[in-house]
Amino acid sequence: MSELVNCILDALPEILVKIMKIDKELVKSLIESGKLRVAPTPDPRLGDYGVSLHFLLKGIERDKWVELGNELSRELYAATRDKCWVERVDFVNGYLNFTLNYFNMLGKLVDLLVKGEVSKELMNVGRGIKVIVEHTSANPVHPLHIGSGRNSVIGDTYARLLRKLGFSVETRFYVNDLGRQVAILAYGVKIVESKSISRPEGIKPDHWYGVIYALTNILIELSRLREEIKGKLSELVDLCEKTCNNILSEEATGNIPRDIAFTICGISLKRNLKLETLKQAKSLYIKLKQLKKMSSNSEVSTLLSVLEDLRTRVKEYYEYVKAERALSANFPEVYNALRTEVRNHLEAEKEISKLMSQAEKEDPETLQFFRRICEDVLNGFKQTLESIGINFNAFDFESSSEVLSEAHNVVSDLLKTNYAKVIEGGAVEVDLNAASRDHDYIRNLFHPDQAGRFVVRRRDGTTLYITRDIAYTLYKFRKLGAEKVYNVIAVEQSREQRQLKAVLYILGYLKEAENLHHFSYEMVHLKGMRMSGRRGVYYTIDEMLIDNKLSILKKLMEKEKTQNIEELIQVADKIAIANTRAVLISVDPGKVLVFDPEKAGEIEYGVIVEYAFVRAQGIIRNLWGLEFLDNSTEVCNKILELAKSIRETELSVEEKKIVESLAMFNSVLSKSYIEMKPNKILEYAVNLALDFNRFYEKYPIISERDESKRNIRVLITVLTMLALSELMDIMGFPKLRRM
RNA sequence: GGGCCCGUAGCCUAGCCAGGAUAGGGCGCCGGCCUUCGGAGCCGGAGGACCCGGGUUCAAAUCCCGGCGGGCCCGCCA
């Protein structure tokens, strides 16, 4: 209700100056600095909006407040009555409280929501400016999980919001098909296909390739860890031998207690009994850690650091073993095929590196192979995303010649600047520390951190992820003609995204740097589970949808309605989409989202909105026999007709609340856009729905005998329905007729 | 070692940038309400050191400083 707030603020200075004898400029600066502000009251009985005057009343005796306050109220009422929908002004405890005339506000809402002025106003924000929203962009090596889901839903919702605001929006998915991860998958697929094992019916390609990727990765990691553990163990034994000798030769054990000395010497003596050593290492670790708390010497520290290395690796090893066991049980044939081939991590790495460099050198056969796999996985992605109402305008491949060749141009352009040079070995490095000394823009990007350096070309002449990302960004701006770009990418990449901006700046693309926005969001954590694509442990969007659908179906069945089962499933389907999308935008993007699959059924933001929308439709259906979703124009015409004949009536608290909430409609949307917080839209919709539920529960609508009351209630119902409908469009909720 | 983000009832979350009155919702829990527009609802209730400690202010969940706890980033990985 910023209009209203401003309206009151406009009237305020003159009256304060007149009555309190304060300097006009002072009042103006107080308003500008936000010291003097109009805010909603905590209780509607006090009024609707209030201004705190305490800091102005500071020097004035308390018993004179009332007199002064009443005078202020009178004057303010006279000044705001006609313009700002103000009905009365009261002075309470140092606050000036304004009570509004909601009936008049209703008229304004009809113009906004029914006559569509709100959308005209909103369309003015974007004015057709071309915006590219890049989102999801998950590595095509395993199915989309809840983390990618958060990305997708945030990205899609934001894109929908931008469209509503009049931007010309294009959504794009950047396919990272040149990375190590895809190479690992390709390596695995090659083996699996060579044994002519193919995807069983009924398994989606993304899930299938996810298994191959994880198992290949697990086998490689296990081999690597085995070797590293072996190395660390012999390092430990050597160290123990040395320490043991020192202890013996010094005759005294120094700082080292006798039992620890025993263990150390024991490890050195049993050097060939590895299994034993691992057990002893563990107990030595615990003992030394305690010892270090009390006293420490260099010998203890070195031993501890080796032991700590060993410990992390052993822990990691067991996590992989656990993952291996789970996957091999479900996919024995894939597992067996891979196990016979992936024996040594070094060999595997060699194969993988070969695949990577072949791809990067645009070897047609390799590229084609990569493409085939990625396209398969992407088909799985598309199916998943479509099921929650998400589509893309385009998929851009990292391996495309546009990106690859542009990446090399980027390197040579950078070399022409003062901030990039060929370093030892032949790699090319960009020095942003130097750049930030010359350019405030770059320093401020990283401040208070150091800007740092990074490599854009390896010594073998190939480019890196960031190099290609720079190229892709330029492609978005220059070839695709974007004026603004939003990259919906996890926070972990915020450094990379700043480097991207910095490089654009260095290359002279100042406007582009300014118009590149990192839409950052935090990670998703699963309760009681650590997700890892590399270990094949994840909670997929597909699963999430099914879980939600099942819990909804269960509830529907309990109701024992006479609807047929097919209809029930259709309803459950749609609600599951709304619920799933809702959970994923429910939390501020800057905060970690913790999700508990066990409680998936308890999350009902989607249902709440759907329910209110369905109820409102039901009321209109009963009243006029009109189906809103089929015939919204006729509903609008009817309501315009009705609005004309409406007579002024006092509104109830519940009605006022809805009216006020509806009046916030466009300010919520623009706030959500500016702050990049789609969660605000959901919050708004849910609160509106809850307010509406309370309203129709308490007051009869169709059966109300008093015509003017009935008309207002019908009007509020339609207005709410229109607002919810818009909000559901933005959030991508399917629109139900009945449930 | 350096940098960024987060910390609000049993759980989740809004408010923090622009300080203001009784910290707003939801889940779960307890107790009520089905002959009136569809009960996936409504009404009532219990449950809070707004992480801790200082500071600024008439006024601090909000601003500043210092801690603590959690997450993330600092690769010739992506």
Side-chain angles (χ1 to χ4, degrees), chain A residues 32-35 37 39-43 46 50-59 92-95 97 139 141 176 178-182 398 423 425-429 446-450 452 454-466 468-469 490-496 498 520 522-523 525 527 552 555-556 558-559 561 571 575 583 586-588 590-596 599 601-605 607-608 610-612 614-623 675 679-680 683-684 686-687 690 693-704 713-714 717 738-739:
Chain A
E32 257 166 57
S33 66
K35 266 253 177 195
R37 52 195 289 248
T41 62
D43 189 322
L46 291 165
V51 184
S52 158
L53 297 177
H54 299 85
F55 57 98
L56 293 173
L57 293 165
K58 204 169 17 175
V92 190
N93 297 329
Y95 293 92
N97 291 338
N139 279 314
V141 290
N176 306 125
L178 276 186
R180 223 188 111 69
Q181 307 201 39
V182 174
E398 196 179 7
I423 55 170
V428 175
E429 187 187 67
F446 294 90
H447 183 82
D449 204 357
Q450 290 288 308
F454 64 96
V455 169
V456 286
R457 195 181 74 192
R458 294 192 188 92
R459 69 176 69 188
D460 66 3
T462 56
T463 57
L464 286 99
Y465 172 77
I466 180 147
R468 287 170 235 135
D469 207 5
V491 253
E492 0 171 61
Q493 299 232 45
S494 65
R495 186 169 200 92
E496 191 261 3
R498 275 181 290 183
S520 157
E522 262 289 357
M523 308 274 77
H525 287 300
K527 240 185 189 134
I552 294 161
K555 270 182 202 162
L556 283 171
E558 279 165 10
K559 278 174 64 186
K561 279 286 172 109
V571 168
I575 294 176
V583 196
S586 65
V587 178
D588 184 308
K591 293 190 188 184
V592 175
L593 172 62
V594 183
F595 186 78
D596 185 353
K599 293 185 179 169
E602 283 179 14
I603 288 145
E604 299 190 315
Y605 297 117
V607 179
I608 292 169
E610 294 284 353
Y611 181 68
V614 164
R615 273 317 265 280
Q617 285 178 88
I619 292 164
I620 297 311
R621 191 179 297 127
N622 287 335
L623 179 67
E675 294 179 9
N679 54 314
K680 301 219 161 186
E683 203 205 331
Y684 178 61
V686 168
N687 284 330
L690 289 172
N693 284 352
R694 275 175 211 131
F695 158 70
Y696 74 65
E697 184 74 24
K698 191 158 177 186
Y699 303 100
I701 298 171
I702 298 174
S703 48
E704 171 61 51
R713 289 179 192 159
V714 171
T717 302
R738 293 161 205 270
M739 56 195 276

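Basis for what follows: all heavy atoms, side chains included, without hydrogens, waters or symmetry-related copies. Worth saying up front: this structure is predicted, and the values here are computed from it rather than measured. Chain letters run A, B, ... following the sequence lines, proteins first, then strands; residues in each count from 1.
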- Query: Please give, in whole Å, the distance from B/A60 C1' to A/His54 NE2?
  - Reply: 15 Å
- Message: Between A/Arg458 and A/Thr463 (side chain of the first, backbone of the second, donor and acceptor by atom type, cut-off under 3.5 Å), is there such a pair?
- Response: yes
- May I ask you to say what A/Gly452 touches in the nucleic acid, namely base, sugar-phosphate or nothing, with a heavy-atom cut-off under 4.0 Å? nothing
- Query: In whole Å, what is the span from the CG atom of A/Asp596 to the P atom of B/G28?
  - Reply: 14 Å
- Task: Check every atom of B/C76, B/A14, B/A40 against the side chain of A/Asn679 and return the nucleotide holding the closest atom.
- Result: B/A14
- Query: B/A14 pairs with which nucleotide, Watson-Crick or G-U wobble, both distances below 3.5 Å?
  - Reply: none
- State which of B/C72, B/C37, B/G20 makes the closest approach to the side chain of A/Ser52. B/G20
- For the pair made of CD in A/Gln450 and P in B/G2, what is the distance, rounded to whole Å? 13 Å
- Message: By the 4.0 Å heavy-atom rule, please label A/Thr41 as base, sugar-phosphate, or nothing.
- Response: base
- Query: According to a strict under-4.0 Å criterion, is A/Asn693 in side-chain N/O contact with OP1 or OP2 of B/C42?
  - Reply: yes
- Task: Would you indicate what A/Ile575 reaches in the nucleic acid, counting non-hydrogen atoms under 4.0 angstrom: base, sugar-phosphate, or nothing?
- Result: base
- Query: Within the pair A/Asn622 and B/G38, is there a side-chain N or O less than 4.0 Å away from OP1 or OP2?
  - Reply: yes
- Message: Can you tell me if A/Lys591 touches the phosphate of B/C12, counting only side-chain N or O atoms and a distance under 4.0 Å to OP1 or OP2?
- Response: no
- Message: Both distances below 3.5 Å, Watson-Crick or wobble geometry, any strand: find the nucleotide opposite B/C76.
- Response: none
- Backbone of A/Pro700 reached by a side-chain donor or acceptor of A/Arg713 within 3.5 Å: yes
- Item | For B/A46, the Watson-Crick or wobble partner whose two distances fall under 3.5 Å | none
- Message: On RNA chain B, compare the nucleotides closest to A/Glu522 and A/Val92; which residue's is nearer the 5' end?
- Response: A/Val92
- Message: Please pick, from B/A21, B/A78, B/G38, the nucleotide with the shortest atom-to-atom distance to any side-chain atom of A/Asn97.
- Response: B/A21
- B/G3 base stacked by A/Phe446 (centroids within less than 5.5 Å, tilt under 30°): no
- May I ask which nucleotide in the shown strands pairs with B/C58, Watson-Crick or G-U wobble, both distances under 3.5 Å? B/G20
- Distance, C1' atom - from B/G7 to B/G44, rounded to whole angstrom: 32 Å
- Message: Using heavy-atom distances to pick each residue's nearest nucleotide on RNA chain B, tell me which of A/Ile423 and A/Val592 is more 5'.
- Response: A/Val592
- Looking at B/A78, B/A14, B/G15, which one has an atom nearest to any side-chain atom of A/Asp588? B/A14
- Task: Go through B/C73, B/C77, B/A40 for me and flag the one nearest to the A/Arg458 side chain.
- Result: B/C77
- Note on the structure: Side-chain contact check for A/Met523: nearest option of B/C76, B/C72, B/G38 is B/C72
- Item | Length of the line joining A/Arg738:CZ and B/G38:P, which is rounded to integer Å | 9 Å
- Under a 3.5 Å cut-off for both distances, is B/G41 Watson-Crick or wobble paired, and to whom? B/C33
- Query: Looking at A/Arg495, does any N or O in its side chain come under 4.0 Å of the phosphate oxygens OP1/OP2 on B/C4?
  - Reply: no
- Query: Among B/C76, B/A14, B/C58, which nucleotide sits nearest the side chain of A/Ala427?
  - Reply: B/C76
- Could you check how far CG of A/Leu690 sits from P of B/G39, rounded to whole Å? 16 Å
- To the nearest angstrom, the CD-C1' distance between A/Gln617 and B/C37 comes to 14 Å
- Query: In whole angstroms, how far is the P atom of B/C72 from the CG atom of A/Asp449?
  - Reply: 18 Å
- Please check the phosphate of B/C77 (OP1 and OP2 only) for any side-chain N or O of A/Arg468 closer than 4.0 Å. no
- If you measure from the P atom in B/C4 to the same atom in B/G66, how many Å do you get, rounded? 11 Å
- What is the distance, rounded to the nearest whole Å, between atom CG of A/Leu556 and atom P of B/G39? 15 Å
- Query: Can you find a side chain N or O atom of A/Arg498 that sits less than 4.0 Å from OP1 or OP2 on B/C4?
  - Reply: no
- Task: Indicate, with a heavy-atom threshold strictly under 4.0 Å, whether A/Tyr684 touches base, sugar-phosphate, or nothing.
- Result: nothing
- Compare the minimum distances between each of B/C17, B/U13, B/G26 and the side chain of A/Arg694, then state the nucleotide with the smallest one. B/G26
- Message: By the 4.0 Å heavy-atom rule, please label A/Leu464 as base, sugar-phosphate, or nothing.
- Response: sugar-phosphate
- Pick base, sugar-phosphate or nothing for A/Val587, based on heavy-atom distances below 4.0 Å to the nucleic acid. sugar-phosphate
- Message: For A/Asn693, is there any backbone N or O sitting under 3.5 Å from a side-chain donor or acceptor partner on A/Arg615?
- Response: no
- Message: So if I take every side-chain heavy atom of A/Gln181 and compare against B/C73, B/G71, B/A78, which nucleotide ends up nearest?
- Response: B/A78
- Query: When all nucleic acid strands are considered with a 4.0 Å heavy-atom cut-off, which category describes A/Gln493: base, sugar-phosphate, or nothing?
  - Reply: base
